[in-house]
Every structure is written in structure tokens, then in C-alpha cells.
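Keep in mind that this is a model prediction, so the values were computed, not measured.
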Amino acid sequence: MIDIKLLRQDPDLFRAGAAKKRIACDIDRLLELDQRLRESSQRADELRARQKAGGKRMAEASPAERPALLEEQRAQKAELKALDDELAPLQEELDRLLLRVPNPPAAEVPEGRDDSENVELRRVGEPRQFAFEARDHMSLAEAQGWIDVQAAGRISGSRNYFLLGDLALLEQAVMRYAFEHMVKKGFVPVSVPTLVRTEAMVGTGYFPGGEEQAYRCDDRDDLCLVGTAEVPLTALHGGSILDGARLPLKYVALSSCYRREAGTYGKDTRGLYRVHQFLKVEQVVIAAADSKASVAHHLAILENAEELLRSFDLAYRVVNVCGGDLGQGQVQKFDIETWMPSREGYGETHSASRFHDYQARRLALRYRDADGKVQFCHTLNNTVAASTRMLIALLENHQQADGTVRVPAPLVPYLGGRTHLGVPLG
RNA sequence: GGAGAGGUGGCAGAGUGGCCGAAUGCGCUAGAUUGCUAAUCUGGUGUCUUGGGAAACCGGGACCGAGGGUUCGAAUCCCUCCCUCUCCGCCA
């Protein structure tokens with residue numbers, strides 16, 4: 001959520017921000033509501049003050065004085081009630097609109113309508129050239145007996161999968177390695193709930209707006225399945241005032257992630273690229289409110305993921321995501337796209353976002369700084385490794401002519417010392 | 001799922017209709033005292049919001065798990081929900 005005081009001071013900043021993000025947003029209506037509410041609530045506060053004073057007089061009044069006082073208080077009460085009734089819907093509308101105001105993107109964010117206008121920052125590693133007919137991850141996995149989407153479709157519907165044998169082992173290996181990679185860097189390992197209240201979805205900025213992308217339990221419970229561990233991790237300290245000396249807090253979590261993928265019919269239907277459920281190791285930083293430091297954290301968590309990709313011998317590129325492709329809350333986002341031979345291109349595998357205090361405001365996530373002032377935290381997050389997309393990259397890039405898959409060095413210890421997976425195919 | 005007990009400031013804990021934003025203790029903090037440490041004494045010590053002020057600060061309003069209600073007046077009474085604890089049942 002944005003700071004309404006800033007909005008009053010500099011509405012154009014927010015108009016420009018919304019325009020850059022290509023998100024419609026009625027700033028004028030918001031300012032008008034704010035203005036009216038502030039004026040009226042002053043009146044309401046005065047009425048309440050008189051009401052309170054009257055109550056005190058009542059307590060001290062003699063029985064003879066009471067009836068007159070009572071009458072006076074009744075009249076006041078009616079007046080106050082009328083005013084409150086008038087204000088309540090306005091306040092509601094303001095709150096609703098406020099949740100929708102996009103966080104203005106950083107100056108470094110490129111102009112652009114959608115992902116086609118993201119700006120490439122660098123390419124690292126050479127896409128692999130094959131001296132043989134390379135397979136896509138699906139045909140390779142099927143040939144090795146590593147995947148069953150038919151059975152998954154029968155049991156769970158489309159975009160679900162069973163992984164079997166070596167591929168199930170590889171998934172675990174990647175997750176374990178990614179997790180420990182971050183723990184070694186001092187990130188606190190966390191196991192998180194993946195069922196969260198609507199409140200947490202709103203707090204992290206996924207709602208309102210992202211409801212179609214999230215699975216929701218039925219109305220017996222107010223619970224959603226998270227699309228990423230970012231949600232529980234960022235919400236972990238919501239509602240509290242942290243000791244500023246303890247910041248930044250760095251967390252890493254491994255969790256299942258659930259995505260409805262509504263509106264993507266016919267898109268990436270083959271294989272593991274777009275699925276309803278996967279595992280992901282996610283890094284979250286909760287920091288002090290300092291935009292410079294925030295940028296440093298952003299680059300650091302980006303580098304953490306790049307390190308992992310380089311250690312896997314995977315080629316990738318980093319893009320600076322353009323305004324139109326940014327989410328409502330993000331100040332800036334870097335995506336990492338990893339080379340995927342079957343796509344003959346780079347496919348998104350990581351997404352590093354920084355939010356400034358946008359999520360923190362919604363979550364009431366604050367800290368006390370060295371001067372004793374209460375401030376909203378800055379939050380950031382990035383993927384470390386998302387299982388399915390990492391498996392696509394590993395299978396396709398490290399496949400051998402005989403249909404086995406080479407295991408990159410860091411994963412060997414997590415696979416019992418094996419350097420190749422699968423059996424030679426005829 | 002059944003029965004019961006609770007949710008009050010950083011923590012512990014009082015408060016059953018007005019004098020309660022809330023006693024007391026601990027903690028924290030500033031100062032005094034002190035050869036050092038410990039101890040002692042004194043003051044300060046919630047959040048949000050609004051108005052005034054350059055600021056220190058001052059005034060108003062809201063907040064005692066959340067949301068509704070009763071009342072001139074609610075931490076206190078009523079309803080719904082959430083959470084915690086104890087016992088029983090079921091279960092990974």
C-alpha cells in the first residue's frame with residue numbers, strides 16, 4: 001500500500017507511476033474522498049469529544065440534573081450517528097481504492113507495455129550446441145520413464161504430473177542444494193505454512209487483483225494456497241514492531257507452490273513449463289527503510305540465484321522488467337531467464353522483486369530505528385530455484401547423446417555420488 | 001468433532017458499566033548516587049490519526065484478539081468470528 005500522505009503531497013508521482021505500469025487508477029477520486037473524509041472526521045471528533053465530556057458530567061451529576069443531561073446526550077448521539085453513517089461508505093471506498101494504487105516504479109525501470117519490452121541487462125554462459133538430435137524435456141523424461149502426465153491428468157486434471165525415479169531424485173537434489181546454498185549465506189531456514197488467510201494475500205499485495213491465480217479453499221475456511229513462500233515469509237512478522245538493530249532479516253524457505261494458471265489455456269501446454277504445483281526455494285529479505293540499501297539487497301539476492309545457475313552450468317540472461325510487466329507493488333523487478341533448448345530461447349526461471357514499504361504497510365510490518373522512530377520495513381524476494389523450470393533446464397541442457405543426463409557438480413553429492421542419471425536409450 | 005477456561009501495554013498481571021489508555025511488578029531508557037560491578041533513588045517509557053508549532057512539544061479522536069450490538073456512557077454486558085490452553089475422541 002502506498003502512503004496516503006505522499007499521495008496528497010505529490011499526486012503526479014502516483015499518476016505517472018500508474019501510467020508507467022499501465023494500471024488504471026483514479027487518483028482524483030481518491031484525493032476527493034480523502035479531502036472530504038478529513039474535513040468530516042474533524043467534525044466527528046469534536047462531537048465525540050463533547051459526548052465524552054458529557055458522559056463525565058453525567059457521572060458527577062445529581063439525580064435532579066440527570067434527565068436534562070440525558071436528553072442532551074441523546075441528541076448528540078443521533079447527530080454523531082448520522083455523521084458516521086454518512087462517512088462509513090466513503091471510508092470504505094477510500095480503503096478499497098487505496099489498496100489498488102500502484103507503487104511507483106523506480107526511475108531505472110524501462111518504459112514498456114509487456115514482457116516483450118523488457119530490457120536485457122546481460123547474458124551469461126553460452127547456450128549449448130548439440131552435435132545430436134536433442135530432445136525436449138518431455139520426450140526425454142517419457143523415454144526414461146520419469147514422468148506420467150496421463151495419470152496425473154486422470155487424478156488431478158491438466159497441468160499436473162508425477163515424477164518418477166531419477167527425476168524425482170533430481171528434484172529433491174535441486175531443492176536441497178538450493179536450500180543449503182542459502183543457509184550457507186546466512187539466510188535463516190524456515191518451514192512455512194502454504195495455506196494462508198486472505199489477509200496474508202492482501203498483505204503481500206496479491207489481492208485484490210490476483211484472486212483468479214490463487215486456489216481458495218471452500219467457504220468453510222478463509223484459506224488460500226500460496227503461489228510462493230514469499231507470502232508466509234514476508235507476512236511472518238506482520239503486525240509487529242521489530243528491533244531495528246536486528247535488520248536485515250534474511251529467510252529462505254522451501255515450499256510447494258500452487259497456481260491456477262487461469263486464462264492460460266493453450267499456452268505452454270506441453271511438459272513442465274506451466275503447471276499447477278511445484279516446489280520452490282524462495283529467499284526473502286526484510287530490511288530497514290533505506291532505498292539505497294534496498295537496491296544493494298536486490299542485487300545481492302539476484303546474485304545468489306545467478307550463482308546457483310552458474311554452478312549448474314546453465315546459460316541465462318538477466319532482464320530489467322519494464323513498467324507494463326511489473327506488478328502493482330513492485331518498485332523494480334529483475335527476471336532471470338534460463339536457456340531452454342526446446343524453446344530455442346530463454347525461459348523465465350527467477351523473479352527478483354523489491355517493494356520498498358509497499359508490502360510492509362499492508363502487513364503492518366515495522367521496526368524501531370536507532371532514533372526510536374517507528375518505520376515500515378522494506379521487503380524483497382527472489383526465487384532461488386523453482387523445481388519444474390529448473391528440471392526443464394537441467395534435462396534439456398545436460399542431456400547426452402545416449403539419453404542420459406549429466407549431473408552438474410554441486411548436485412552430485414545430493415545424488416549419492418552419481419554423475420549421470422537415467423539409462424542409455426536405444 | 002465434544003466439554004470447559006481464557007485472550008488487557010515489550011513481558012507478567014490487576015481491572016465486572018462512568019474517576020481507565022488502563023494499577024502494580026519486571027524490562028527498557030535518561031539522570032543522581034557509586035573506587036569498579038552490583039544495588040539504590042528520581043524521571044521517562046504504546047500505536048495510529050488529526051489540528052497547532054521550525055522543533056522540543058501541546059490539544060482532539062481512535063485502539064484492551066477482530067467485527068457487530070445494547071447504553072447518555074463499554075476493557076467491563078450481549079452476539080458472531082479468530083486464536084490460545086486443559087480434558088475426551090479421531091488422526092499424520
Side-chain angles (χ1 to χ4, degrees), chain A residues 1-9 30-99 191-203 207 216-224 232 235-247 249 255-256 289 357-358 360-377:
Chain A
M1 189 155 51
I2 58 110
D3 183 353
I4 191 156
K5 286 185 211 152
L6 265 179
L7 183 84
R8 278 175 210 144
Q9 270 172 34
L30 221 149
L31 289 171
E32 182 198 334
L33 283 169
D34 178 50
Q35 180 68 26
R36 280 181 61 191
L37 272 165
R38 278 205 295 164
E39 285 164 6
S40 310
S41 50
Q42 272 183 56
R43 251 179 60 221
D45 282 353
E46 278 165 33
L47 282 175
R48 252 186 286 273
R50 264 196 279 161
Q51 185 82 342
K52 271 175 90 165
K56 280 186 185 162
R57 287 211 312 279
M58 176 80 70
E60 292 154 3
S62 68
E65 297 168 321
R66 284 195 179 212
L69 259 176
L70 218 131
E71 196 39 53
E72 198 180 309
Q73 290 287 88
R74 279 219 179 90
Q76 292 240 341
K77 188 190 181 184
E79 195 181 341
L80 188 58
K81 175 101 165 66
L83 189 56
D84 276 341
D85 287 349
E86 183 192 322
L87 262 39
L90 297 183
Q91 185 68 54
E92 217 168 282
E93 188 185 352
L94 179 77
D95 292 344
R96 210 174 52 240
L97 285 176
L98 209 49
L99 280 178
S191 177
V192 298
T194 49
L195 275 170
V196 300
R197 293 238 172 90
T198 300
E199 192 184 41
M201 297 300 282
V202 173
F207 293 176
R216 168 177 283 288
C217 293
D218 63 42
D219 46 16
R220 286 175 302 176
D221 305 292
D222 172 34
L223 290 171
C224 298
L236 176 59
H237 297 293
S240 48
I241 299 176
L242 303 168
D243 175 4
R246 283 179 54 212
L247 299 179
L249 295 174
S255 81
S256 289
D357 60 5
Y358 185 86
R361 277 181 191 282
R362 292 170 166 240
L363 290 164
L365 169 57
R366 296 172 294 174
Y367 70 99
R368 198 177 299 278
D369 69 16
D371 301 326
K373 260 185 66 185
V374 175
Q375 311 235 39
F376 288 102
C377 297

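Remark: A/Arg74 is in phosphate contact with B/C72, judged by side-chain N or O atoms under 4.0 Å from OP1 or OP2. Taking only side-chain nitrogens and oxygens, A/Lys52 comes nearer than 4.0 Å to OP1 or OP2 of B/A62. Proximity of A/Arg48 to the phosphate of B/G73: no side-chain N or O atom is located under 4.0 Å from OP1 or OP2. The phosphate of B/G73 has OP1 or OP2 within less than 4.0 Å of a side-chain N or O from A/Lys77. When the side-chain nitrogen and oxygen atoms of A/Arg197 are compared with OP1 and OP2 of B/A66, none of them lie within a distance under 4.0 Å.
Under the 4.0 Å criterion applied to side-chain N and carboxylate O atoms, A/Asp45 and A/Lys52 are not assigned as salt-bridge partners.
Atom CG of A/Leu99 is separated from atom CZ of A/Arg361 by 13.0 Å, given to the nearest 0.5 angstrom.
Following rounding to the nearest Å, A/Arg50 (CZ) and B/G73 (C1') show an atom-to-atom distance of 16 Å. For A/Lys56 and B/C20, the NZ to P distance is 8 Å, given to the nearest whole Å.
Atom name P, nucleotides B/G4 and B/C81: the rounded distance is 15 Å, in whole Å. When the C1' atom is used for both B/A14 and B/A23, the distance is 6 Å, rounded to whole Å.
For A/Thr198, the side-chain hydrogen bond (donor to acceptor under 3.5 Å, both in side chains) partners two or more places apart in sequence, or in a different chain, are A/Arg216, A/Asp222.
Residue A/Arg8 is the one, among A/Arg8 and A/Leu70, whose nearest nucleotide of RNA chain B lies closer to the 5' end (criterion: closest heavy atom).
Checking B/C26 for Watson-Crick or G-U wobble geometry (two distances, each under 3.5 Å) identifies B/G10 as its partner.
In the model, A/Gln76 has no side-chain atom that pairs as donor or acceptor with a side-chain atom of A/Glu72 under 3.5 Å.
For B/G60, its base sits under 3.5 Å from the side chain of A/Asp45 at one donor and acceptor pair at least.
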